[in-house]
Asker: 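Here it is: the structure, laid out below.
Residue numbers begin at 1 in each chain, while the letters A, B, ... track the order of the sequences.
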Amino acid sequence: MFMGILTDLRSSISRATSSLFTGGEPKRIGIYGPPNAGKTTLANRIARDWTGDAVGPESHVPHETRRARRKENVEIKRNGKSVTIDVVDTPGVTTKVDYKQFLEHDIEKEDAVRRSREATEGVAEAMHWLREDVDGVIYVLDATEDPFTQVNTMLVGIIESQDLPVLIFANKIDLDEASVQRVSNAFPQHETVPLSALEGDNMDEVYDKIAEYFG
Amino acid sequence: MAEVTTTDDDGGEPPTEGIQIDMISADRMDGLRTMEKIRLILDGVHDDNIVILESGLQPEEESKLIERTMTEINPDGDGFTGIEIESYPGGSGGDNGFLGRLMGNDDPNTLTVIGPADRIETLHKDETLISTLITRQ
Ligand SMILES: Nc1nc2c(ncn2[C@@H]2O[C@H](COP(=O)(O)OP(=O)(O)OP(=O)(O)O)[C@@H](O)[C@H]2O)c(=O)[nH]1
Ligand SMILES: [Mg+2]
């Protein structure tokens with residue numbers, strides 16, 4: 001017990017000193033990707049696994065997340081070491097928002113218009129964060145969908161131009177139509193990690209890679 | 001009062017039936033600052049034109065174009081719902097990454113098509129061909 005406290009203390013001291021030398025704050029890792037890819041589901045899983053509480057609501061309706069949300073000081077333990085990151089769940093990026101798309105989800109016009117307005121603000125905010133406020137990116141894709149879209153190409157290009165470390169997550173591998181190969185073919189210059197954020201499949205590799213890339 | 005009146009019969013205006021395509025040369029774009037480029041593109045798109053860039057935008061400019069586009073969508077207003085944008089080559093071939101830039105390959109040099117989201121639809125796209133459908137209002 002006492003030893004445990006001592007080790008904890010020692011590790012928090014060494015963490016404090018190491019962060020002194022690496023420039024302080026934990027790295028901010030932005031979770032980016034198109035709407036509905038499973039970004040919030042992933043952010044919630046990471047937060048629940050390591051802090052016990054969630055980040056925000058998940059939904060099959062696109063643009064559920066309309067404001068970047070941060071979960072601070074998520075300490076991920078891997079092989080005796082630990083990495084502390086701030087997880088930023090961002091609104092799905094798109095070049096267009098039409099309020100009519102929400103009417104199909106049984107949302108009234110007034111709400112649909114408001115949701116669209118918030119969604120556009122959210123996307124603008126996400127782009128701003130990406131240019132200024134993140135230290136690394138997890139790019140989440142729905143592996144059942146074609147990864148070769150203009151938004152994906154542009155976003156990955158923007159991330160590359162800033163030399164941010166990036167991991168591509170091929171999500172929803174619990175679904176039959178998922179193709180991890182298609183995702184890794186679309187972005188051969190980056191590492192692709194398959195997972196199901198919903199089912200929790202392959203999370204060990206997910207955390208290994210997060211520690212390796214963002215530690 | 002069952003009479004239908006058409007008011008677009010004002011002579012001086014160009015015919016509204018057609019679709020205007022603005023092809024902007026790399027030279028023209030080179031002389032502009034980021035916001036000027038974005039304005040040129042978005043003004044064209046707001047006028048319901050199709051804008052074709054000989055040479056694509058830099059990643060930073062694309063990022064600002066997306067941001068600017070979002071702020072100009074007014075769901076309750078003029079019906080602008082954003083842009084559709086396609087370019088090739090796709091840029092995900094590995095050359096545009098860190099190594100590519102290290103070797104001085106910074107110019108995206110990609111043909112880029114941009115139009116109003118509600119009027120342009122990509123039918124097919126690969127590294128050598130973009131096929132788009134443009135609809136009239
Ligand atoms: N089958 C399956 N469904 C998933 C998985 N991850 C997320 N989903 C579902 O996909 C839908 C979208 O999930 P979200 O986490 O809200 O997606 P998002 O990327 O945050 O979406 P926006 O906030 O709108 O950009 C929800 O219905 C989730 O339950 C997965 O691994 N497998
Ligand atoms: Mg979300």
Side-chain angles (χ1 to χ4, degrees), chain A residues 32 63 66 91 93-103 109-132 139 146-166 168 183-190, chain B residues 41-42 45 56-77 79-102 105-106 108 110 112-122 124-127 130 132:
Chain A
Y32 278 83
H63 299 294
R66 299 186 291 284
V93 173
T94 178
T95 59
K96 56 185 177 193
V97 179
D98 187 348
Y99 80 87
K100 293 191 193 80
Q101 76 181 108
F102 300 121
L103 301 178
K109 181 177 176 204
E110 198 181 323
D111 281 348
V113 166
R114 183 169 40 80
R115 196 183 176 91
S116 300
R117 186 164 291 122
E118 290 171 2
T120 59
E121 285 164 10
V123 175
E125 185 184 292
M127 297 314 298
H128 198 87
W129 270 84
L130 185 55
R131 286 201 305 273
E132 323 228 317
Y139 198 78
D146 179 12
F148 197 67
T149 68
Q150 185 73 18
V151 163
N152 291 337
T153 307
M154 286 194 294
L155 263 279
V156 171
I158 291 163
I159 294 160
E160 287 170 350
S161 73
Q162 291 174 266
D163 287 329
L164 294 170
V166 56
I168 311 279
V183 174
S184 54
N185 287 347
F187 303 101
Q189 70 276 38
H190 298 294
Chain B
I41 294 166
L42 287 180
V45 173
L57 297 169
Q58 295 291 329
E60 165 105 7
E61 295 168 340
E62 290 181 334
S63 167
K64 289 188 171 146
L65 175 65
I66 296 173
E67 188 173 342
R68 193 66 223 164
T69 299
M70 286 298 126
T71 65
E72 293 185 11
I73 295 176
N74 183 0
D76 226 4
F80 178 63
T81 55
I83 60 171
E84 194 69 68
I85 173 168
E86 291 289 358
S87 63
Y88 66 68
S92 54
D95 279 356
N96 291 14
F98 176 69
L99 263 183
R101 279 200 312 290
L102 204 67
N105 185 13
D106 202 17
T110 52
T112 302
V113 183
I114 305 159
D118 58 344
R119 299 194 60 192
I120 179 168
E121 186 192 338
T122 305
H124 171 89
K125 182 192 173 185
D126 62 34
E127 267 142 282
I130 299 171
T132 51

Asker: Side chain, backbone, both or neither: which part of Lys100(A) has a non-hydrogen atom closer than 4.5 Å to chain B?
Answerer: neither
Asker: Taking it one step at a time, do Arg117(A) and Asp76(B) satisfy side chain to side chain contact (heavy atoms under 4.5 Å, CB included)?
Answerer: CA-CA 9 Å; Arg117(A) 186 164 291 122; Asp76(B) 226 4; 4.0 Å; yes
Asker: In this structure, which one of Ile114(B), Thr81(B), Ile73(B), Ile83(B) forms a side-chain contact (heavy atoms from CB on, under 4.5 Å) with Thr95(A)?
Answerer: Ile83(B)
Asker: Taking Glu62(B), Glu67(B), Lys64(B) one by one, which has the highest count of heavy-atom pairs under 4.5 Å against chain A?
Answerer: Glu67(B)
Asker: Heavy-atom pairs under 4.5 Å with chain B are the metric here; pick the option from Leu130(A), Ile158(A), Ile159(A) that has the most.
Answerer: Ile158(A)
Asker: Pick one of side chain, backbone, both or neither for Ser63(B), based on which atoms fall under 4.5 Å of a heavy atom in chain A.
Answerer: both
Asker: Is the side chain of Glu86(B) donor-acceptor paired with the backbone N or O of Gln150(A) at a distance under 3.5 Å, no angle test?
Answerer: no
Asker: Assess whether atom CD of Glu110(A) is packed by more than 12 heavy atoms of other residues, nucleotides or ligands within 6.0 Å.
Answerer: no
Asker: Going through the distances and angles, do Ile85(B) and Met154(A) end up as a side chain to side chain contact (heavy atoms under 4.5 Å, CB included)?
Answerer: CA-CA 10 Å; Ile85(B) 173 168; Met154(A) 286 194 294; 3.8 Å; yes
Asker: Of the backbone (N, CA, C, O) and the side chain (C-beta and beyond), which part of His190(A) lies under 4.5 Å from a heavy atom of chain B, both, or neither?
Answerer: neither
Asker: If you round to the nearest 0.5 Å, how far is OG of Ser161(A) from CD of Gln58(B)?
Answerer: 8.5 Å
Asker: For Met70(B) and Thr94(A), what are the C-alpha separation, side-chain angles and deciding distance, and is it a side chain to side chain contact (heavy atoms under 4.5 Å, CB included)?
Answerer: CA-CA 9 Å; Met70(B) 286 298 126; Thr94(A) 178; 4.3 Å; yes
Asker: Could you give the distance from OG1 (Thr153(A)) to NZ (Lys125(B)), rounded to the nearest 0.5 Å?
Answerer: 5.0 Å
Asker: Determine the option with the most heavy-atom pairs under 4.5 angstrom with chain B, choosing from Val93(A), Asp98(A), Thr149(A).
Answerer: Asp98(A)
Asker: So what's closer than 4.5 Å to chain B heavy atoms on Val156(A): side chain, backbone, both or neither?
Answerer: neither
Asker: Do you know the tightest heavy-atom contact between Ser116(A) and Pro75(B)?
Answerer: CB-CG, 3.6 Å
Asker: Kindly compute the distance separating NZ (Lys96(A)) from OG1 (Thr69(B)), expressed to the nearest 0.5 Å.
Answerer: 12.5 Å
